[in-house]
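For reference, the structure is listed below as structure tokens.
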Amino acid sequence: MSDYFPEIQSPILFEGPQSRKPLAFKWYDANRVIGGKTMAEHFRFAVSFWHTFKGTGADMFGPAAWARSWNAGSPMEIAGHALRANFEFCQKLGAPFYCFHDRDIAPEGGTFAESCKNLDAIVAQAKQLQNDTGIKLLWGTANCFSNPRYTHGAGTNPDVHAFAYAAAQVKHAMDATHELGGENYVFWGGREGYETLLNTDYKQEQEQFAAFLQLAVDHKKKTGFTGQFLIEPKPKEPTKHQYDFDTATVLGFLRAHGLYEHFKINIEANHATLAGHTFEHELTVAAAEGKLGSIDANQGDMLLGWDTDQFPSNLYSTTAAMLAVFQQEGGIGVGGFNFDAKCRRGSVDALDLFYAHIGGMDAFARGLIVADKIAADNALANFVAERYASWKSPLGQEILAGKATSESLEAWVMQHGEPKPKSGRQEMLETILNDYLIGA
Ligand code: XLS
Ligand code: NI
Ligand code: NI
């Protein structure tokens, strides 16, 4: 194994909560069984290639700030180094999966054909490294937002030429994902939206986007790719308004265009908060329809209004998230928890990538442990069941079975009068959650 991380000479180990060693897991114990599944199975943690190996610490006010040993040589040599660094990192960290965009793992060429050739060469190397290490591909995707040709969108571009280019790129990225045994394929509509309605035909763009997704559905069928298709909602950034605003909007769009059965949702914590929701809200909406496909694990900053993509550290949020994941039969399924997260500009060392991932894995492991205790004790579920108990009465059953009428309810209310006020007990429940968090 190559040595891009010489400071880490052995895999990161689980040492337990008593350990004070920063380069050790305190809570994430891959083999620990919780609710019939190992922690490794609950999470299926993935490293995101773009942040971890292409991130430079650059921001709107300053250029690249990080020196990385893998950034050496020609663009294709750098791609080879970065790829090997990825597998070394995943192995040393104990992350079983990685995720990529086509343009992260291989450089874009001067022509479309050259870009395809670059990608194919890197995919061959990745296949070998997957075999050597046992690290697998959680998902692949196409970057249809960075190149200036996508300034006005990819599938929603007013120019059909750009649409065709994006469709061709998606086809090739899907084939690469298929070749690598990727378990999912993600669509994030980075520029599928608008800057101003003054130049936008909204209805036309919706139809284009449906056609764009349908092409991928058809290609999937044709090639026998069995990976799960995921759409990743985000309300804005880079565009002012993105069409895949949030989970409910995406599910409605899919239904309206006959695409519902083909897609699940990839939920990112920071995108949820940008949409004015909590992370657990988005997870709950998806899980309610069995559509929770995968998670981009990160967190935003309460004081900043953009996608800061920070590593998750908020235990309250990871616990609430795991309670929501439990709502779906089988949990995350063939999805996983991908750290779509980056270190802050000031965290300049490659070693910071380890601290960041270890912290994120521990934060979710702890959330899982607490959520499991809450669930095992029915600490919240009993209250919720009791709150809706009246729906089990003859009246409730009649309404749910569609047998009640407006007249029958009018007659019932005439007879029974006012409902009695009942407390929702919010503060009591919040305290119960805190007690479990502190006690765990
Ligand atoms: C950007 C998105 C992106 C997707 C993959 O905000 O989170 O990284 O996860 O294209
Ligand atoms: Ni993401
Ligand atoms: Ni994001």
Side-chain angles (χ1 to χ4, degrees), residues 45-56 58-60 97-106 108 137-147 150 153-156 166 169-170 173-174 176-177 182-193 209 212-213 216 227-247 250 263-277 279 282-283 286 292-301 304-312 317 321 332 335-344 356 360:
F45 282 123
V47 170
S48 68
F49 201 94
W50 53 102
H51 287 308
T52 309
F53 302 102
K54 301 313 272 183
T56 63
D59 66 17
M60 299 284 270
F97 292 97
Y98 72 114
C99 298
F100 64 69
H101 300 85
D102 50 0
R103 303 300 181 242
D104 316 326
I105 57 166
E108 181 144 17
L137 178 60
L138 183 67
W139 52 260
T141 188
N143 177 335
C144 292
F145 46 87
S146 291
N147 190 291
Y150 299 128
T156 59
Q169 191 182 329
V170 165
M174 266 176 72
T177 304
E183 300 192 24
N184 303 267
Y185 184 87
V186 165
F187 295 84
W188 172 59
R191 294 188 195 270
E192 313 293 21
F209 196 49
F212 189 70
L213 295 176
Q228 177 173 265
F229 270 1
L230 302 170
I231 293 188
E232 182 176 325
K234 185 175 182 180
K236 57 183 168 193
E237 196 200 6
T239 60
K240 175 188 168 75
H241 178 93
Q242 258 156 243
Y243 296 136
D244 294 335
F245 195 89
D246 61 4
T247 299
V250 170
F263 293 86
K264 286 190 180 176
I265 311 293
N266 183 38
I267 290 171
E268 178 164 321
N270 205 162
H271 297 182
T273 50
L274 285 177
H277 302 309
F279 183 22
E282 285 292 87
L283 296 169
L292 172 51
S294 201
I295 288 175
D296 270 7
N298 65 11
Q299 71 184 29
D301 185 303
L304 302 174
W306 63 93
D307 199 14
T308 60
D309 284 341
Q310 282 160 252
F311 276 86
S317 167
I332 205 69
F337 286 65
N338 164 49
F339 288 109
D340 193 352
K342 60 185 175 203
C343 288
R344 298 305 87 192

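Just so we're clear, the structure is a prediction, and the values are computed from it rather than from any experiment. Reckoned from all heavy atoms, side chains included, excluding hydrogens, waters and symmetry mates. For ligands, and for the atoms within them, numbers begin at 1 and follow the listed sequence.
Looking at Asn143 against ligand 1, nothing comes within 4.0 Å, counting heavy atoms. Contacts between Glu237 and ligand 1 below 4.0 angstrom, taking non-hydrogen atoms only, are absent altogether. Contact annotation for Asn266 and ligand 1: no heavy atom of the residue comes within less than 4.0 Å of the ligand.
By the 4.5 Å heavy-atom criterion applied to side chains, Asp104 and Phe53 are not counted as neighbours. The side-chain heavy atoms of Tyr150 and Gln169, taken from C-beta on, include a pair separated by under 4.5 Å. Residues Asn338 and Phe97 have side chains not in contact (no heavy-atom distance under 4.5 Å, counting atoms from C-beta outward).
A distance-only check finds a donor-acceptor pair linking the side chain of Asn270 to the backbone of Asp309 [under 3.5 Å]. Between the side chain of His277 and the backbone N or O of Ala272, no donor-acceptor pair lies under 3.5 Å. Side-chain atoms of Glu108 do not come within 3.5 Å of backbone N or O of Arg103 as any donor-acceptor pair.
Close approach of ligand 1 to Trp50 is summarised as follows: ligand atoms under 4.0 Å from at least one heavy atom of the residue are 8 (O). Within ligand 1, the atoms closer than 4.0 Å to a non-hydrogen atom of Lys234 are 1 (C), 6 (O), numbered from 1 in the order shown.
None of Thr247, Asp307, Asn266 except one satisfies the side chain to side chain donor-acceptor pair (under 3.5 Å) rule with His271; the exception is Asp307. A ring-ring contact (aromatic ring centres under 6.0 Å, His included) with Phe187 is found for one member of Phe145, Tyr243, Phe209, Phe229 and no other, namely Phe229.
Nearest to atom 1 (C) of ligand 1 by heavy atom, out of Phe100, Trp306, Trp188, is Trp188.
Looking from atom 8 (O) of ligand 1 to the surrounding protein, the closest heavy atom is Asp340 OD2, 3.0 Å. Remark: minimum distance from atom 5 (C) of ligand 1 to any protein heavy atom is reached at His101 NE2, 3.2 Å. Annotation: atom 2 (C) of ligand 1 to nearest protein heavy atom, Glu232 OE2, 3.3 Å.
The aromatic rings of Trp50 and Trp139 lie tilted to each other, with the angle between the two planes from 30° to 60°. The aromatic rings of Phe100 and Tyr98 are tilted relative to each other, their planes meeting at an angle between 30° and 60°.
At a 3.5 angstrom cut-off on N or O pairs, Asp307 counts as close to ligand 1. Annotation: His271 places an N or O atom under 3.5 Å from an N or O atom of ligand 1; distance criterion only. Considering both main-chain and side-chain atoms, Asp296 comes within under 3.5 Å of ligand 1 through a nitrogen or oxygen pair. Taking any N or O of Glu268, backbone or side chain, at least one lies under 3.5 Å from an N or O belonging to ligand 1.
At least one N, O or S atom of Glu232, from either the backbone or the side chain, sits less than 2.8 Å from the Ni ion (ligand 2).
No donor-acceptor contact under 3.5 angstrom links the side chains of Asn298 and Asp340, judged on distance only.
Restricting Asp340 to its N, O or S atoms, the one at the least distance from the Ni ion (ligand 2) is OD2. Taking the Ni ion (ligand 2) as reference, Asp296 places its N/O/S atom OD2 nearest. In terms of distance to the Ni ion (ligand 3), the nearest N, O or S atom of Asp307 is named OD2.
The Ni ion (ligand 3) lies at the vertex of an angle of 80° between the NE2 atom of His271 and the OE2 atom of Glu268 (rounded to 10°).
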